[in-house]
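Before any comments, here is the structure.
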Amino acid sequence: MDEIKIYKSPLKALKLIFLASIFVVPSLYALITGKLNMPPIIAWPAVCFFGVGMLYGIFNLLDRRPQIIINTVGIFDRMAYTDFINWSLIENAYVFHISKQTFIGIVIDQSATDLIRKKSSLKASKHLGFQEITLKLSTIKIDETRLKDFIVAMSKADPVKQTKLIEQYNA
């Protein structure tokens, strides 16, 4: 079966690791040597908070599973949903940004909202612009407008044309 697999960007993961290390390394140095004149009440929270950021970056760097899979059945976001979202449920899609993070909101038939099984950690608010289905693109390096247009085209195409669209997207 033809499909598109979209992976996390290693460059974005390295950027996160580097930016977090700017805070972790001096804080650890201050805690160990005491030479930076930084009180432990400031150093420990910096190590803990930005250390989690470093761990998240390392996880994203080493995680080579596809983030988003698109095929003739539907679209699957591994981080947010447990199943493929069938193309027949999708009515429209749009790109939106919140705090420099890019998302694609997918509008689905309101009668089908109960069919979408989200992971328990996903709680999105409607007043922030989130739909029932939202693809988070912050860890992926991709042209979001092209992906949005592709999702809309796939939702309106018949299965034979969907295969051709996937081949064109992969080319």
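The structure presented is a predicted model; accordingly, all values stated were derived computationally and were not measured. Quick note: residue numbers are just sequence positions, from 1.
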Following the transitive rule for hydrophobic clusters with a side-chain heavy-atom cut-off under 4.5 Å over Ile, Leu, Val, Met, Phe, Trp and Tyr, establish whether [X] and [Y] coincide in one cluster.
X	Y	answer
F23	W44	yes
L135	I6	yes
L137	V95	yes
F18	Y56	no
I98	V107	yes

### Salt bridge present between D143 and K148 (N-O < 4.0 angstrom)
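Here D143 does not pair with K148 in a salt bridge, since their nearest N and O are not under 4.0 Å apart.
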### Message
Under a 4.0 Å threshold between the charged nitrogen and the carboxylate oxygen, would E144 count as salt-bridged to R146?
### Response
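Answer for the salt bridge query: no.
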Heavy-atom distance under 4.5 Å between the side chains of [X] and [Y], does that happen here?
X	Y	result
I4	I166	yes
Y7	Q67	no
T134	I106	no
N170	E167	no
I69	F84	yes
D83	F76	no
T163	T72	yes

Non-hydrogen atoms of [X] and [Y] that approach each other most closely:
X	Y	answer
A93	I151	CB-CG2, 4.1 Å
P45	P40	CD-O, 3.9 Å
G53	A20	C-CB, 4.2 Å
M38	A30	CB-CB, 3.8 Å
R64	P10	NH1-CG, 4.0 Å

Counting neighbours of [atom1] on [X] that are heavy atoms of other residues, nucleotides or ligands and sit closer than 6.0 Å, is the number greater than 12?
X	atom1	result
I41	CD1	no
K156	NZ	yes
F59	CZ	yes

Are the side chain of [X] and the backbone N or O of [Y] linked by a donor-acceptor pair below 3.5 Å?
X	Y	answer
S21	V24	no
Q101	S138	no
K136	T102	no
D158	K161	yes
R65	R78	no

Can you tell me how far [atom2] of [Y] sits from [atom1] of [X], rounded to the nearest 0.5 angstrom?
X	Y	atom1	atom2	answer
L147	I142	CG	CD1	4.5 Å
T139	I68	OG1	CD1	8.0 Å
I108	E91	CD1	CD	8.5 Å
I17	L61	CD1	CG	5.0 Å
D149	I104	CG	CD1	9.0 Å
S155	N92	OG	CG	7.5 Å

### Message
Using 30° and 60° as the class boundaries, would you call the ring planes of F96 and F103 parallel, tilted or perpendicular?
### Response
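Because their plane-to-plane angle is under 30°, the rings of F96 and F103 count as parallel.
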### Task
Just say parallel, tilted or perpendicular for the rings of Y169 and F150, cut-offs at 30° and 60°.
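Y169 vs F150 ring planes: tilted.
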### Message
Assess the residue pair W87 and I70 against the criterion (side chain to side chain contact (heavy atoms under 4.5 Å, CB included)); give the C-alpha distance rounded to whole Å, side-chain angles, the decisive distance to 0.1 Å, and a yes or no.
### Response
CA-CA 10 Å; W87 293 118; I70 301 171; 3.4 Å; yes
#### Entry: Residue pair L19, L16: steps toward the side chain to side chain contact (heavy atoms under 4.5 Å, CB included) verdict
CA-CA 5 Å; L19 291 174; L16 177 61; 5.6 Å; no
